[in-house]
Amino acid sequence: MIRMTEPSKITSQNVPDHQPAAGGIAARARASVGPKYLSGLNPEQREAVETLDGPVLVLAGAGTGKTRVLTTRIAHILSQGRARPAEILSVTFTNKAAREMKHRLGQMLGHAVEGMPWLGTFHSIGGRILRTHAELAQLKSNFTVLDTDDQVRLLKQLLQAENIDDKRWPARMLAGLIDGWKNRGLMPSQVPSGEAAVFGNGKGGKLYASYQERLKILNAADFGDLLLEDIRIFREHPDILRQYQQRFKFILVDEYQDTNVAQYLWLRLLSQAPSSPSFASPRLRGEADAQSAAGEGDSPSTALVETPPHPNPLPASGAREQTPPTKNICCVGDDDQSIYGWRGAEVDNILRFDHDFPGAKVIRLERNYRSTGHILAAASHLIAHNEGRLGKTLRTEDQDGEKVTVTGSWDSEEEARGIGEEIEQIQRKGEKLNEIAILVRASYQMREFEDRFVTLGLPYRVIGGPRFYERAEIRDALAYLRVINSPADDLAFERIVNVPKRGLGDATVQMLHDHARKRRIPLFEAARAVVETDELKPKARGSLREVVAQFDRWRAQREVTAHTDLAQIVLDESGYTEMWQKDRSADAAGRLENLKELVRSMEEFENLQGFLEHISLVMDRDSGADEDAVSLMTLHSAKGLEFDNVFLPGWEEGLFPSQRTLDEQGRAGLEEERRLGHVGLTRARRRAMIYFATNRRIHGTWSTTIPSRFLDELPAANVEITESKGGSAWGGTGGYGASRFDDMEAFGSTYSTPGWQRAQANRNRGGGRNGGGGGSVGSGGFEEQAATFSSSSSSGPDFGSFSSRRRGPLTIEGELVAKSTGTTSEFSLSDRVFHQKFGYGRVTKIDGNKLTIAFDKAGEKKVVDSFVQRA
DNA sequence: GCCCTAGCGCTTTTT
DNA sequence: GCGCTAGGGC
């Protein structure tokens, strides 16, 4: 039996750097793997694995062996005896990725990797650290992690207390704002006042503050807190930070392009060399830094650094601390696969790596082992239209293979039919359905495919969608367990106090709330007190008394009953199981099944507490990947996966690129959409098939769409336009699809599109790096944003050249762009217009560049203005 | 307190 | 087209 270092305890005892872990994984690794694990690597991969000292950025394009490099690097560290398993911090974004790494490491080392206690997602590791020091965040170590739903419900209560109309100011919106602030590392006092004021007539900041207070009272933390509170603890308690710094001899980060500011700060604090206590609480938005950065910068706007009136502010997006010595941190990522900007990811983190981590070694992995030549060329050519890139050129030694196909259909139904037929053909050729994926932009696209597949009897599985623990029945069951575990969990109590129905309605809950607030006690205790009075009607009083008694009983049982048994008892005695058994709706059986699954899954945990700690962080839905089935998922959830055959439906303006992203994020949004396209294409090993439809149902009504601009950006030499089965989409002669796409011929494979040329020019100018040093300190003040925006927007050729990019525009530019370049139509109401396909008509409604036109013959249609002309 | 219905608003991606 | 909510009826 091998004893690993106690994972959850941080000792300040210093372990000598090179002390090999006697008898641990390391020793095994050395003995069993030897240098063999290096032999299959190409020179770049090998360099990425072997460069152990100092910061390393591995730019790993799609399919270049990223995970392999990460896992081999860990194996190498261990086998070299440079660290023990518990001294390696290895973070990923998803549980899936963490599992995958554990799995591959296990294979490499020849056994399971239980000795890697610090391999996990940002959130699970952040949560773990927070639990260790919970009292420093005014929490108990058994705090609850709230998900979005709890968050919103809590905020709703706060809005009500503040008398804010939650129609006009939806709780969901506030949740989004708070999330955004947390993503940027901002505590309530640090939110720029201008931003805090945008919600609820200036009450946004106050609400954020009282939300945080409420969380402490409820002994709860949200996702953002798991990192943000760590950061605060690290800053306020340098001794604690130092313990972690000493412990983690090596840090590895997966998907670095997806990190947000908070994650960046967290990593940065942990990655500093422990021997320099003066940096333990790094200077923030330091004046010196600001000055020098302004000097370095290439635009006067950079000098506008907001100086907030708060003590000890955290840097907002863009502020960089002065650069302390860093230790062995290795970040792996691909700027071309950054698709989470909308939830706070900062591509800049990866773009600026060598500025943040001086002396960083940047290693590019450009050899693709996944896709054929045509697919890779199409993907590369598409992504070359983006301007803010580090620039990589993927290459393959594979054959060209089949060209990427582009197929037009009349409408989305025909699209689904066409893809269904195509899949059946592939199946007839003897290929596995597991090797087929349909990647959509928006989940509502899935429905049509599901309908079709059900009709065809084609097995499919949806990947993504609501997580297991987000289902109502699971959340209800968990709420019961939460109340048992943590009587202060008002949100959980409120959720189930009347589920199943016990005659405890709004009125009762409201009175409990009043009671609780007056005495500053949890709802549960308020309930206990209230049943002793005659404030409630006898009926309600009776049920409430019963509820309180039940919980008291369950809590007592907890001491003597296995947690799985307890859960079963709770579900039965509370009447919850019965509630679903009596339910006649179609999904009741499934829900009961899910409840069983939940109880079963508890076995993996030692006790109730441990189960609840992890449930919200690591529990994901059952994949059921065993049977042969077509995979249906969004482009986002496809990242990291690969399939022989990939279908990419819905390449239409408005859907992909998404109109909303364009409106909200402007140019940055468009580039992110394009990266999404790149991700989609590079999922394919052998065949990539793009589809677009001329008519699609959006919000219930049919509207006409135009092919995605991304189709124009594909290289003709690697693309084949196939006939739709219905044959109507290209519109025969007059269809705009045809004319738009035909233009592409002019660009052809000579790579001479404007975007391509721009990209080339950018690359040549500064190699994508170095130029200007990017000394930005953009801190997020509105004035600065405006200044940055106006300077960049006016400098046509320079805009977006890599060196002139800075944080500000990436986040807030969107809105400004949307407003200023905002597609205001040149048409006015009741203008007489002509459309190639629909003939003459009159404008009845204008929405940006989208016109609603009453056509004389074709009826009312929504059309983008560039496709009509004045009649 | 509960249930039903009509009407409204919203529709991307998720650790 | 859908899901949620508010409001009215029981």
Side-chain angles (χ1 to χ4, degrees), chain A residues 91-98 120-127 145-149 151-152 156 166-168 170-173 175-176 179-180 182-183 222-227 254-255 258-260 262-263 338-345 439-448 451 463-467 469-470 472 497-511 536-537 539-540 543 616-621 633-640 650 654-665 669 672-673 675-677 679-680 696-703:
Chain A
V91 278
T92 63
F93 272 84
T94 62
N95 295 305
K96 199 168 72 184
T121 63
F122 273 102
H123 289 95
S124 64
I125 291 175
V145 178
L146 299 189
D147 61 22
T148 325
D149 200 76
Q151 225 178 331
V152 170
K156 250 183 203 156
D166 67 349
K167 269 261 164 65
R168 200 160 116 69
R172 206 155 265 293
M173 180 185 178
D179 251 19
K182 289 187 173 178
N183 285 158
D222 64 18
F223 278 106
D225 286 342
L226 299 181
L227 292 163
D254 191 16
E255 307 278 17
D258 286 337
T259 51
N260 60 36
Q263 284 153 344
S338 162
I339 53 176
Y340 286 109
W342 53 273
R343 65 173 203 218
L439 311 182
V440 296
R441 175 64 182 85
S443 44
Y444 67 78
Q445 287 172 265
M446 291 185 187
R447 219 195 135 129
E448 224 135 9
D451 288 351
I463 296 180
R467 295 189 164 6
Y469 64 83
E470 278 169 2
V497 67
N498 199 29
V499 179
K501 299 264 182 290
R502 304 186 171 94
L504 299 169
D506 290 348
T508 311
V509 171
Q510 195 51 52
M511 98 139 273
L536 283 173
K537 292 199 184 105
K539 217 170 156 193
S543 336
S616 50
L617 292 176
V618 298
M619 181 109 183
D620 37 9
R621 73 220 93 85
M633 71 190 98
T634 64
L635 285 163
H636 282 88
S637 36
K639 193 164 75 157
L655 175 58
F656 184 55
S658 142
Q659 189 56 48
R660 186 163 164 181
T661 303
L662 260 38
D663 290 345
E664 287 171 9
Q665 316 280 342
E672 183 153 312
E673 293 285 302
R675 289 193 291 267
L676 212 38
V679 167
R696 189 172 292 274
R697 190 182 235 147
I698 303 169
H699 318 317
T701 44
W702 285 98
S703 41

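Reminder, nothing fancy here: chain letters follow the sequence lines and each chain counts from 1. Atoms considered below: every heavy atom in the structure, side chains included; atoms not considered: hydrogens, waters and symmetry mates.
Remark: P of dT12(B) and CD of E664(A) are 9 Å apart, rounded to the nearest angstrom. As rounded to whole Å, 11 Å separates atom C1' of dT12(B) from atom CE of M446(A). The CD atom of E255(A) sits 14 Å away from the P atom of dT14(B) (whole-angstrom rounding). The distance between atom CG of D451(A) and atom P of dG1(C), rounded to the nearest whole Å, is 12 Å. Rounded to a whole Å, the CD1 atom of I339(A) is 12 Å from the C1' atom of dT12(B). Taking atom CG of residue L617(A) and atom C1' of nucleotide dT14(B), one finds them 14 Å apart after rounding to whole Å. At whole-Å resolution of the value, CZ in R697(A) and C1' in dC2(C) are 12 Å apart. Rounded to whole Å, the distance from NZ on K501(A) to P on dC2(B) is 6 Å.
Here CG of L504(A) is found 10.5 Å from NZ of K539(A). Values are rounded to the nearest 0.5 Å.
Nearest to the side-chain atoms of N498(A) among the listed nucleotides dC2(B), dT14(B), dT12(B) stands dC2(B). Comparing dT12(B), dT5(C), dT14(B) by their closest approach to the side chain of K156(A) singles out dT5(C). Distances were taken from every side-chain heavy atom of T661(A) (C-beta onward) to each of dG1(B), dT14(B), dT12(B); the shortest belongs to dT12(B). Side-chain atoms of T634(A) lie closest to dT14(B) of the nucleotides dT12(B), dG1(B), dT14(B).
Between E673(A) and T508(A), it is T508(A) whose nearest contact on DNA chain B lies nearer the 5' terminus.
In terms of phosphate contacts, R447(A) brings a side-chain nitrogen or oxygen within less than 4.0 Å of OP1 or OP2 of dC2(C).
Looking at heavy-atom distances under 4.0 Å, A507(A) makes contact with sugar-phosphate atoms alone, never a base. If you check every strand for non-hydrogen atoms under 4.0 Å, S124(A) touches nothing.
Between H636(A) and Y340(A), the two ring planes are tilted [angle within 30° to 60°].
Tested against D258(A), the residues Q263(A), R343(A), K639(A) include a single side chain to side chain donor-acceptor pair (under 3.5 Å) partner, K639(A).
Residues Q445(A) and V440(A) share a closest heavy-atom pair of OE1-CB, 3.5 Å.
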